[in-house]
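Lettering follows sequence order; numbering is per chain, from 1. Any value given below was found using the heavy atoms of this structure, including those in side chains, with hydrogens, waters and symmetry copies removed.
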There are 2 protein chains.
Amino acid sequence: MKKIINDPTDVVTESLAGFGAAHSDIVRVVDDPLYVVRVDAPVAGKVGLVSGGGSGHEPLHAGYVGAGMLDAAVPGAMFTSPTPDPIVAATRAVDSGAGVLHIVKNYTGDVLNFEMAAELAGAEGTRVTTVVVDDDVAVQDSTWTAGRRGVGGTVLLEKIVGAAAERGDDLDAVTALASKVNAQVRSMGLALSACTVPHAGEPSFVLGDDEIELGVGIHGEPGRERRKIAKADVLVGLLLDPIVADLPFSSGDRVLLFVNGMGGTPLSELYLAYNTARNSLQDKGITVERSLVGNYITALEMQGMSLTVLKLDDEMIELWDAPVRTAALRKGV
Amino acid sequence: MKKIINDPTDVVTESLAGFGAAHSDIVRVVDDPLYVVRVDAPVAGKVGLVSGGGSGHEPLHAGYVGAGMLDAAVPGAMFTSPTPDPIVAATRAVDSGAGVLHIVKNYTGDVLNFEMAAELAGAEGTRVTTVVVDDDVAVQDSTWTAGRRGVGGTVLLEKIVGAAAERGDDLDAVTALASKVNAQVRSMGLALSACTVPHAGEPSFVLGDDEIELGVGIHGEPGRERRKIAKADVLVGLLLDPIVADLPFSSGDRVLLFVNGMGGTPLSELYLAYNTARNSLQDKGITVERSLVGNYITALEMQGMSLTVLKLDDEMIELWDAPVRTAALRKGV
């Protein structure tokens, strides 16, 4: 294992210390229990948005804390759910009295720990609602999931719902919008290589020299099948066809197309895949109105990509275009 | 070789087609000869900024085309300098009459081709000046370079000088500022793994399971030595000590600290390295006033990082903070 780390057990805290120092104008990193929060939290009258989950998917979620997106992120250990304790603390820190939405990716540990935290925060008097993101069409159940996994759709949901909370929508409206975004987004990914969790010390799985894992999860969970690598145009079709068929997306739809790198893929390959995916959607009469290309929800140094397609309407476009000021996504401010 | 590509010879054009489509509000990709230009070029009365070089270092340079940074970028084939022809075309496209600055990384091919392009553009009546960036302290001469290589400092220079051009500084002032930034910036990198150029089909070099290349170039050029991997704190020192000693940076200096990923390194490791580097500088009495952490000048999927330190003054801070609207760097607009 070759990594730029000190002791494997200190990776998350040392990394977050750097993150907090680099972005002290945007976030504050609270140590015990560990969470990342907007410098200006709680924002008076605003619904608080809290997400979190295992580390190793950076910039998710800490990179999305800031004006126009999340109020707090709760990072667990690498690929490990945070416990209820820091989730409660983060929830408390962002509650201005307008209530808090928990944005939870559908992994069993995350769902249980956020559920318990919501109960505890509720007992303290904070109104908490929850959206569970489950946009991955690859498999029905998976290593750490009952039902579909939450992947790339989470990033889009955090941006759009974050903009709604920022403009002052109330908790019911913000929660309803979160459910709507989750209902209209679909994703699927593939891996060209595995990744190594620092404290494990060796790759989570092994692929042959010409193999890919189709439908891989963001922790390297198995997908639909292991198959031979093919040209990018073929790979894009293997991801896009199940996505389009699932919602289904159809002619006349307006969408956001998100091509995400798993952490170790060159940007040039992601834009190449975007080009194919975009042309393929347009050929089906589906209009790509907005785009996102880059490493936004990763699996450490894994090589691979995921595609995410979100069906848009005018309101969602307006919210997507709204100003945002976070470490990893910024425009207008 | 596992990559998300079609024919290796089409990677650059297919990728740029996707880039142009994803960012059509910011850039236009011109096909023959190939260059990337601001949608609103030429901007009346503004000095034009043109950079370029071999592809494979994305988001450099096309990702930095837009308001507040470059007016055009000229991408060559993978790790191969662009010829004079597209450089001349890009120079012509951004010349509003106020002249054009060429920002050239110090590689022999780039220097020669930009020199020839400057002469040709000059013969057409465009006033062209040039800054050659050579911030890499690792080695004096290298595989493709006489003198020091141009690396991470290029990104910072493009941002700061881009802001000066945007506010209306004339060609002499912009050129002088570019020279000043180059004089005050130093960098050094290391590789944990090699990268594979698509048309080559195999890695440019091979490292043992526990080896790093210290002082590596952004094309995988050899550095100072091949040595054993060590803890992050040690690795950071191996890069930072030569950087600090070279300018030299000293107590009382205010700096921008840039921790750059080579393409395949998890963001968590870059922030961890940033934390160590920042603490180390502060211990020396050097104040980190501004920061940049992420994959900004890469070598395809190479794992590794580079550190860049730039000595700041009030004017440079103001220019660094100025609004910018490009695909890869954005704030305030």
Assert top hit (heavy-atom pairs under 4.5 Å, partner chain A, pool B:Gly304, B:Gly264, B:Ser268, B:Gly263) equals B:Ser268

So, does B:Asp209 use its side chain to make a donor-acceptor pair with the main chain of A:Met1 at under 3.5 Å? no

Return yes if some donor-acceptor pair links the side-chain N/O of B:Glu301 with the main-chain N/O of A:Thr265 below 3.5 Å, else return no.
no

To the nearest 0.5 Å, atom CD of B:Glu14 lies from atom CG of A:Asp233 at 6.5 Å

In short, side chain to side chain donor-acceptor pair (under 3.5 Å) pairs touching residues 60-70 of chain A with sequence neighbours left out are A:Ser51-A:His61, A:His61-A:Lys105, A:His61-A:Glu158

Whatever's closer than 4.5 Å to a heavy atom in chain A on B:Met78 counts as side chain

So CG of A:Asp321 and CG of B:Asp25: to nearest 0.5 Å the spacing works out to 9.0 Å

Okay, B:Ile5 and chain A: the region with an atom under 4.5 Å from a heavy atom over there is both

To the nearest 0.5 Å, atom CG of B:Leu267 lies from atom OG of A:Ser15 at 7.5 Å

Expected contact set for residues 283-291 of chain A against chain B at heavy-atom separation under 4.5 Å reads A:Ser291

One should read off an interatomic distance between B:Arg330 CZ and A:Lys331 NZ, to the nearest 0.5 angstrom, of 6.0 Å

When the 4.5 angstrom heavy-atom criterion is applied to A:Asp210 and chain B, the contacting part is backbone

Any chance the rings of B:His23 and A:Tyr271 have centres within less than 6.0 Å?
yes

(request) Output yes when a side-chain donor or acceptor of A:Asn6 lies under 3.5 Å from a complementary backbone atom of B:Ala232, and no otherwise. (result) yes

- Query: Is a side-chain N or O of B:Lys2 found less than 3.5 angstrom from the main chain of A:Leu192, in a donor-acceptor match?
  - Reply: yes

Heaviest contributor of heavy-atom pairs below 4.5 Å to chain A, chosen from B:Val293, B:Thr298, B:Leu329, B:Val11, is B:Val11

Requested in this report: Might you confirm whether atom CZ of A:Arg28 has over 12 heavy atoms from other residues, nucleotides or ligands at distances under 6.0 Å?
Outcome: no

CD1 of B:Ile4 to CD of A:Gln303, rounded to nearest 0.5 Å, is 8.5 Å

Interatomic distance, CG@B:Leu16 vs CG@A:Asn275, rounded to 0.5 Å, equals 10.0 Å

